[in-house]
Amino acid sequence: MYALAAEYTTIAAWFVDHWTGMDGFSCVVAYDEDEPVGFAYGAPLAPGREWWRSTAYEPDNGCSSTYAVSEVMVRPRWRKQGIADRLHEALLKERTEDLAVMLVDVTHPKVQVLYETWGYARVGEQQPFADSPVYAVMVKDLRD
């Protein structure tokens with residue numbers, strides 16, 4: 001059990017360092033009074049490094065600046081209240097990029113369906129690292 005916890009802590013620390021160090025990083029946090037109940041964060045992706053590039057997806061009219069939504073999380077007690085949707089909406093509200101992109105583990109089809117209700121479309125799959133899951137690549141046009 002300790003090894004798993006240590007590995008998770010190392011991975012979580014890497015993600016925090018990686019994402020917060022990116023230009024344009026943004027994060028929103030939801031609270032119930034003084035208690036944090038969820039968060040969403042992401043950052044713009046460098047041109048040519050957009051997650052959808054590994055798929056057959058082609059942006060309309062060459063509009064390809066992309067904001068990556070890395071994480072949307074709501075603590076169990078507050079789930080099924082629309083908080084994730086509101087966090088996601090707040091995260092993207094003032095973005096100036098053309099597109100938003102998310103990676104969704106293909107073994108979580110219900111999550112994929114939820115993101116489709118938020119305006120995302122599945123455009124392909126990718127496995128970013130040899131030891132990572134296969135992800136559905138989901139894209140949303142932010143110019144609407």
Side-chain angles (χ1 to χ4, degrees), residues 1 3-32 36-144:
M1 187 67 128
L4 179 61
E7 180 180 330
Y8 178 77
T9 301
T10 301
I11 292 168
W14 181 88
F15 271 94
V16 169
D17 289 345
H18 173 75
W19 284 95
T20 59
M22 294 178 74
D23 288 338
F25 169 81
S26 58
C27 179
V28 293
V29 180
Y31 288 89
D32 182 354
V37 300
F39 62 86
Y41 68 84
L45 295 173
R49 303 281 315 229
E50 301 91 350
W51 295 342
W52 49 263
R53 294 257 181 211
S54 63
T55 72
Y57 176 76
E58 289 290 330
D60 291 337
N61 301 319
C63 297
S64 63
S65 63
T66 305
Y67 184 84
V69 177
S70 178
E71 195 81 43
V72 178
M73 189 282 299
V74 176
R75 293 172 58 200
R77 182 172 143 202
W78 288 272
R79 291 182 184 157
K80 301 196 185 283
Q81 298 177 38
I83 295 170
D85 184 21
R86 292 193 303 271
L87 282 165
H88 174 262
E89 185 176 310
L91 182 68
L92 297 181
K93 184 177 183 180
E94 300 195 17
R95 299 307 316 171
T96 58
E97 292 81 14
D98 301 315
L99 306 167
V101 65
M102 301 175 111
L103 299 180
V104 182
D105 188 324
V106 297
T107 65
H108 297 113
K110 288 182 181 180
V111 175
Q112 190 172 257
V113 169
L114 171 66
Y115 295 155
E116 288 170 350
T117 69
W118 295 356
Y120 286 85
R122 181 182 175 143
V123 298
E125 292 182 355
Q126 70 168 253
Q127 185 176 17
F129 306 102
D131 62 345
S132 74
V134 173
Y135 292 102
V137 179
M138 301 193 73
V139 175
K140 175 185 173 75
D141 192 328
L142 296 178
R143 295 167 293 150
D144 294 337

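The chain is numbered in sequence order, starting from 1. As the structure is a computational prediction, the values presented were derived from the model and not from experiment.
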Quiz item: For the side chain of E97 and the backbone of R95, is there at least one donor-acceptor N/O pair under 3.5 Å apart?
Solution: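 A pair under 3.5 Å: no.
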
Quiz item: Distance-only, no hydrogens or angles: does the D105 side chain make a donor-acceptor pair with backbone N or O of T107 under 3.5 Å?
Solution: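 Here the side-chain-to-backbone pair exists.
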
Quiz item: For V29, which residues count as a side chain to side chain contact (heavy atoms under 4.5 Å, CB included) partner, sequence neighbours excluded?
Solution: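 In terms of side chain to side chain contact (heavy atoms under 4.5 Å, CB included), with neighbours along the sequence ignored, V29 is linked to C27, Y31, P36, F39.
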
Quiz prompt | S54: side chain to side chain contact (heavy atoms under 4.5 Å, CB included) partners, not counting sequence neighbours | solution =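 Side chain to side chain contact (heavy atoms under 4.5 Å, CB included) check on S54 returns Q126.
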
How far apart are the closest heavy atoms of [X] and [Y], and which atoms are they?
| X | Y | value |
| --- | --- | --- |
| P128 | L103 | CG-CD1, 4.3 Å |
| A40 | L91 | O-CD1, 3.8 Å |
| M102 | V72 | CE-CG2, 4.1 Å |
| L92 | A100 | CD1-CB, 4.0 Å |

Are the side chains of [X] and [Y] in touch, meaning some heavy atoms are under 4.5 Å apart?
| X | Y | value |
| --- | --- | --- |
| V101 | L45 | yes |
| S64 | R53 | yes |
| V104 | M138 | yes |
| D98 | L142 | no |
| P59 | L99 | yes |
| P44 | D23 | no |

Self-check item: Residue pairs, two or more places apart or on separate chains, that pass ring pair (Phe, Tyr, Trp, His ring centres under 6.0 Å) and touch residues 70-100
Solution: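 Residue pairs passing ring pair (Phe, Tyr, Trp, His ring centres under 6.0 Å), neighbours aside: H88-W118, H88-Y120.
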
Self-check item: W52 and Y57 aromatic ring geometry - parallel, tilted or perpendicular at 30°/60° bounds
Solution: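 Answer is perpendicular, since the angle exceeds 60°.
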
Exercise. Would you please test V139 and R122 for side-chain contact (heavy atoms from CB on, under 4.5 Å) and show each step?
Key: CA-CA 7 Å; V139 175; R122 181 182 175 143; over 6 Å; no

Practice problem: Answer yes or no: is there an ion pair linking E89 with R86, defined by an N-O contact shorter than 4.0 Å? | Solution: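 No, E89 and R86 are not salt-bridged.
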
Practice problem: Sorted by first residue and then second, give each side chain to side chain donor-acceptor pair (under 3.5 Å) pair with at least one member in residues 132-141; sequence neighbours left out. | Solution: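 Counting only pairs at least two positions apart or across chains, the side chain to side chain donor-acceptor pair (under 3.5 Å) contacts touching residues 132-141 are D141-R143.
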
Quiz prompt | For W51, all residues meeting side-chain hydrogen bond (donor to acceptor under 3.5 Å, both in side chains), sequence neighbours excluded | solution =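 W51 satisfies side-chain hydrogen bond (donor to acceptor under 3.5 Å, both in side chains) with no other residue.
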
Quiz item: side-chain hydrogen bond (donor to acceptor under 3.5 Å, both in side chains) with Y67: which residues, sequence neighbours excluded?
Solution: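 Here the qualifying residues are S26.
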
